[in-house]
Amino acid sequence: MDRQQQQSELERDKQYCELCGKMENLLKCGRCRNSFYCSKEHQKQHWKEHKLTCKEAADRAQQKQAEQAVRQAAEEEEEEEEEEVVEEEVEVEEEVVEEKTEDGQGQDAQPETADSPPLPTNSTEIPTSDVGEDKPNSTDTPNGQTSSSLKKLAADYIVPCMDKHGMCVKDNFLGVDTGMGILDNVKALHKTGKFTDGQLVSQKSDSTKDIRGDKITWIEGREPGCEKIRFLMSRMDELIRHCAGKLGNYKINGRTKAMVACYPGNGTGYVRHVDNPNGDGRCVTCIYYLNKDWNVKEHGGLLRIFPEGKAQFADIEPKFDRLLLFWSDRRNPHEVQPAYATRYAITVWYFDADERARAKVKYLTAAGEKGVKVELNKSSDAS
């Protein structure tokens, strides 16, 4: 693969729907030519937020073109002067100062007005300590995941691995006995019929089934029959606490509830997407897998991550008692390939305090503006 092809692939990796994070069959904003959407409907829904930067981006693009033209003219003039110098040899090192874009990628989509999407609300503070009654006895943790071992795991492995690769895999996280207890909790939940079709966090959509095919339920951890799931969440929380101040520049102070997900095994998956494309506060995605004797060649269900700026991808098998962490933003686009056997996983997203606060302000502002519009419409109808 030549350099130009690699550059084109890297450019495509940076393109995702500004509303839902989908990365396939994208449309390009016809005004700024800098933002992408999976459909005109999603562009309409995101326009209220996008319009604030759309004109600025278009103006910057025009200014950049003008600057490039001036710079190119100056460089040509300088080269002509250098060619006239014959007494000495001058070596000129060229520097690439711009990235070419491919205008032909995607169709143009014209912006229209719409309301901003809702912000995810399944959030909670990270507990400051474990609850004694949630701790299984010593025979349930043969791998020794005590507080001290979690601290060592965080310092010696999780932090440096995330810093270097942006993702991290830990096998045999809790041990077979504890893992089986968690799986029993999940299977019991599944039998109750409480699982519903997975929705996009940013916006419910009629096309959701074309994007993801899992069934999910949200668990706080205090529900009856979820004691082992609660214990898993406490282990995740403690591991993240031991990473405090060392995971990038994030100040992690909260998380979502646990999303328990099941792919039914009928060839469903989740198309390539970004967990947090809109700055909603989520910074770390933490997934725990519960699939005994999983065979990827037979069962599929592989999680494939496409790290931003890299030509390689990472394949993660959904193995039993495996813990996976990765950055939630556009650095890690990923997909769940079609699963042909029942596939269980539990996901928790951790929040950065500053980004989450900004997202809440943006959401409340948009909600307030929407409420004002509703009141104005009511007054207009009354008159």
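Just so you know, these numbers come straight off a predicted model, no measurement behind them.
- In this structure, CG in L324 is found 8.0 Å from SG in C286, a value given to the nearest 0.5 Å.
- Under a 3.5 Å cut-off, the side chain of R330 and the backbone N or O of E308 do not form any donor-acceptor pair.
- Here the rule is ring-ring contact (aromatic ring centres under 6.0 Å, His included) with H334, and of F326, W327, F306 only F326 fits it.
- Taking the side chain as every heavy atom from C-beta outward, L302 and E317 approach each other to under 4.5 Å.
- When atom types are taken as modelled, the side chain of Y157 and the backbone of V169 share a donor-acceptor pair closer than 3.5 angstrom.
- Nearest approach of N253 to D352, heavy atoms of both residues: OD1-C, 4.4 Å.
- Each of T285, D280, D275 was evaluated against S328; a single residue qualifies, T285, per the side chain to side chain donor-acceptor pair (under 3.5 Å) test.
- Looking at L232 and V348, their side chains never come closer than 4.5 Å, going by heavy atoms from C-beta outward.
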**Asked** For S147 and H242, what are the C-alpha separation, side-chain angles and deciding distance, and is it a side chain to side chain contact (heavy atoms under 4.5 Å, CB included)?
**Response** CA-CA 9 Å; S147 181; H242 287 310; 3.8 Å; yes
**Prompt:** Under the side chain to side chain contact (heavy atoms under 4.5 Å, CB included) criterion, do L174 and D321 qualify, and how do the steps go?
**Reply:** CA-CA 7 Å; L174 296 177; D321 199 28; 3.8 Å; yes
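- Of the possible donor and acceptor atoms, one in the side chain of N276 sits under 3.5 Å from a partner among the backbone N and O of G279.
- A side-chain donor-acceptor contact under 3.5 Å links E223 to the backbone of G221.
- Side-chain heavy atoms closer than 4.5 Å link hydrophobic residues (I, L, V, M, F, W, Y) into clusters, and following such links, even through other members, never connects V296 to Y263.
- Placement of M180 and I346 within a single hydrophobic cluster is found when ILVMFWY residues are connected by side-chain heavy-atom separations under 4.5 Å, directly or transitively.
- Counting heavy atoms from C-beta on, the side chains of L323 and L239 come closer than 4.5 Å.
- Minimum heavy-atom separation, A154 to P160: O-CD, 4.2 Å.
- Scanning all heavy atoms of the two residues, the minimum distance from G281 to E355 falls at N-OE2, 2.9 Å.
- For K292, the NZ atom is densely surrounded, since the number of other residues' heavy atoms within 6.0 Å is greater than 12.
- Judged purely by distance below 3.5 Å, without hydrogens or angles, the side chains of Y350 and D237 pair a donor atom with an acceptor atom.
- Scanning all heavy atoms of the two residues, the minimum distance from L27 to K40 falls at CD1-N, 3.7 Å.
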**Request:** Assess whether side chain to side chain contact (heavy atoms under 4.5 Å, CB included) is satisfied between R358 and K362, documenting all intermediate values.
**Result:** CA-CA 6 Å; R358 290 193 298 270; K362 184 188 299 183; over 6 Å; no
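- Residue K257 comes nearest to W218 through the heavy atom pair O-CZ3, 3.6 Å, listed as atom of the first residue, atom of the second, then distance.
- Among residue pairs with one or both ends in residues 276-295, those qualifying as ring pair (Phe, Tyr, Trp, His ring centres under 6.0 Å) are W294-H299; sequence neighbours excluded.
- Residue N249 qualifies as open at atom CG: its count of foreign heavy atoms under 6.0 Å is 12 or below.
- The structure places CG of N291 at 9.0 Å from OG1 of T342, a figure rounded to the nearest 0.5 Å.
- With rounding to the nearest 0.5 Å, the separation of CE in M259 from CG in D214 is 6.0 Å.
- Under a cutoff of 6.0 Å and an axis angle of 45°, R235 and F173 do not form a cation-pi pair.
- Relative ring orientation between H190 and Y344 is described as perpendicular, the plane-to-plane angle rising above 60° on a 0-90° scale split at 30° and 60°.
- Separating the CG atom in L290 from the CD1 atom in I182 is a distance of 6.5 Å, to the nearest 0.5 Å.
- Considering SG of C243 and CD1 of I158, their distance stands at 6.0 Å, rounded to 0.5 Å.
- A salt bridge links D197 to K215: at least one charged side-chain nitrogen sits closer than 4.0 Å to a carboxylate oxygen.
- Of all non-hydrogen atoms in R255 and M233, the two that sit nearest each other are NH1-CE, 3.5 Å.
- Hydrophobic clustering (side-chain heavy atoms under 4.5 Å, transitive across Ile, Leu, Val, Met, Phe, Trp, Tyr) groups V271 together with I316.
- In the hydrophobic clustering (ILVMFWY side chains linked at under 4.5 Å, chained through shared members), V361 stands by itself.
- Note: I287 CD1 to L303 CG = 5.5 Å, rounded to the nearest 0.5 Å.
- Side-chain N or O atoms of N332 include one that pairs as donor or acceptor with a backbone N or O of G166 at under 3.5 Å.
- Using a 4.5 Å cut-off on side-chain heavy atoms (C-beta onward), K228 and D184 make no contact.
- In this structure, I219 is a member of the same hydrophobic cluster as F195, with clusters built from ILVMFWY side-chain heavy atoms closer than 4.5 Å.
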